[in-house]
Amino acid sequence: MTTLSVFSEKERAYFQYQARKEYLREQFMIQKELKEKETALKEKAVALQQLQEAEQREKVALLEIERLKALLNKQS
C-alpha cells in the first residue's frame, strides 16, 4: 500500500507540475498577443498621424496655389 501511495503522490505532483507549465505557457502566449496588438495599434496611430500631416500639407499647398492664382489674376 505504501508503494501505491508514493506512486500516487508522485503522479499528483507530476500533474501539478504539468498544469503549472501549461498555465505559464498560456500566460506567455497571452502576453505575446497583447504586445503584438499594442504594437499594431501604435503603428496604426503613427500611420494616421502621418496621413493627417500629409493632408494638412496638402491643404496648405492648395491655399498657396489659390493665393498665387489670385495674385496672377490681379496683375493681369
Side-chain angles (χ1 to χ4, degrees):
M1 216 46 184
T2 312
T3 306
L4 187 58
S5 177
V6 171
F7 179 75
S8 179
E9 288 176 26
K10 285 184 179 182
E11 187 178 40
R12 186 179 7 226
Y14 175 76
F15 286 132
Q16 286 176 341
Y17 168 76
Q18 288 295 348
R20 258 193 316 271
K21 273 181 61 174
E22 183 61 27
Y23 173 79
L24 292 174
R25 188 177 306 120
E26 288 175 3
Q27 292 301 310
F28 174 77
M29 292 304 296
I30 290 170
Q31 290 297 323
K32 184 179 175 184
E33 289 174 7
L34 283 174
K35 286 180 184 178
E36 289 172 354
K37 288 179 181 181
E38 286 176 3
T39 301
L41 283 174
K42 287 178 184 177
E43 289 172 356
K44 286 181 181 181
V46 168
L48 180 60
Q49 180 67 29
Q50 290 173 342
L51 180 60
Q52 290 172 339
E53 290 171 0
E55 287 175 349
Q56 185 63 31
R57 286 191 301 270
E58 184 179 348
K59 286 179 185 178
V60 169
L62 289 172
L63 288 173
E64 181 64 13
I65 289 170
E66 290 300 317
R67 186 186 72 80
L68 292 172
K69 282 182 182 179
L71 189 61
L72 272 174
N73 288 335
K74 194 175 186 182
Q75 289 178 354
S76 298

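We number each residue from 1, following the sequence as shown.
- The distance from atom CG of Leu68 to atom CG of Asn73, rounded to the nearest 0.5 Å, is 11.0 Å.
- Partner of Lys69 under the side chain to side chain contact (heavy atoms under 4.5 Å, CB included) criterion, chosen from Ile65, Leu72, Leu71: Ile65.
- A salt bridge does not link Lys35 to Glu38: none of the charged nitrogens lies less than 4.0 Å from a carboxylate oxygen.
- Surrounding CD of Glu58 are at most 12 heavy atoms belonging to other residues, nucleotides or ligands under 6.0 Å away.
- Here CZ of Phe28 is found 10.5 Å from CD of Glu33. Values are rounded to the nearest 0.5 Å.
- In this structure, the separation between CZ on Arg20 and OH on Tyr23 is 12.5 Å, given to the nearest 0.5 Å.
- Between atom CE of residue Met29 and atom CG of residue Leu24 there is a gap of 13.5 Å, rounded to the nearest 0.5 Å.
- The existence of a salt bridge linking Glu64 and Arg67 is confirmed by a sub-4.0 Å separation between a basic side-chain nitrogen and an acidic carboxylate oxygen.
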Test log, rule side chain to side chain contact (heavy atoms under 4.5 Å, CB included), inputs Gln49 and Gln52: CA-CA 5 Å; Gln49 180 67 29; Gln52 290 172 339; 3.7 Å; yes
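- For the atom pair CG (Leu62) and CZ (Arg57), the distance works out to 13.0 Å, reported to the nearest 0.5 Å.
- For Glu36, the side chain to side chain contact (heavy atoms under 4.5 Å, CB included) partners two or more places apart in sequence, or in a different chain, are Lys32.
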